[in-house]
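Please read the structure below before turning to the comments.
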Amino acid sequence: MSRERASWDEYFMNIAREVGTRSTCDRKHVGAVIVRERCILATGYNGSIRGLPHCDDDGHLMQDGHCVRTVHAEANAIVQAARNGSRIDGSAIYVTASPCWNCFKLIANAGIMRIAFGEFYRDQRIFEFAAKLSIELIDLTTSFSKAVGAAT
């Protein structure tokens, strides 16, 4: 019996989910994958500043109800691309949760033109500004939850 192949969106979102399992903040595990022409350029997950203790080790650093000890998955993916000399303008990013406002600004300035996310996180401004900037914003919540449900 043959099984149905995952779409490219499902494939890269599944990889982002796996990347998110490396997160070191138990408040939210988020993974990100930057892709161009169906090739992975960089990945990132939310975790502490390189060389500093993680939330899992030292606890959360809370400010206004949010843990600020971690660098977000999207930012870490962009940093990984920069550290490795990967050009990401014109690429797509797959993120298990929609970007916060600060990560959205980084994504836009990095030249990423497509954002696919697996759940809505917290900032409605991304929809308005994505439209203004002609950044494609794809909500994979429905198809992603179907794919996850089918896999379990």
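Predicted, not measured: the structure shown is a model, and the values here were computed from it.
Rounding to the nearest 0.5 Å gives a distance of 13.0 Å between CD1 of I135 and CZ of F127. Separation of atoms CZ (R36) and CD1 (I112) is listed at 10.0 Å; rounding is to 0.5 Å. Separating the CG atom in L133 from the CD1 atom in I126 is a distance of 12.0 Å, to the nearest 0.5 Å.
By the 6.0 Å contact criterion, CG on L52 is enclosed, its count of non-hydrogen atoms from other residues, nucleotides or ligands being greater than 12.
Residues D56 and T24 have side chains that never bring a donor and an acceptor to within less than 3.5 angstrom of each other.
Contact record, R69 with H54: CD-C, 3.8 Å, taken as the closest heavy-atom pair. Shortest non-hydrogen contact noted between I49 and V71 is CG1-CG2, 4.1 Å. Nearest heavy-atom pair across V19 and Y45 is O-CB, 3.6 Å. Residues I88 and A110 share a closest heavy-atom pair of CD1-CB, 3.8 Å. Shortest non-hydrogen contact noted between E74 and C100 is OE2-N, 4.3 Å.
For the side chain to side chain contact (heavy atoms under 4.5 Å, CB included) with F12, the qualifying choice from L140, V35, I93 is V35, the only one to do so. For the side-chain hydrogen bond (donor to acceptor under 3.5 Å, both in side chains) criterion with K28, the lone passing option out of H66, E119, H72 is E119.
Remark: T70 pairs with no residue by the side chain to side chain donor-acceptor pair (under 3.5 Å) rule, at least two apart or across chains. Annotation: salt bridge (charged side-chain N to carboxylate O under 4.0 Å, His left out) contacts of D89 (sequence neighbours excluded): R87.
At least one side-chain heavy atom of Q80 sits under 4.5 Å from a side-chain heavy atom of T43.
Aromatic rings of Y11 and Y94 (six-membered ring for Trp) have centroids beyond the 6.0 Å cut-off, not under it.
Of the possible donor and acceptor atoms, one in the side chain of D123 sits under 3.5 Å from a partner among the backbone N and O of R125.
A salt bridge between R114 and D9 is present, with a side-chain N of the basic residue lying under 4.0 Å from a carboxylate O of the acidic one.
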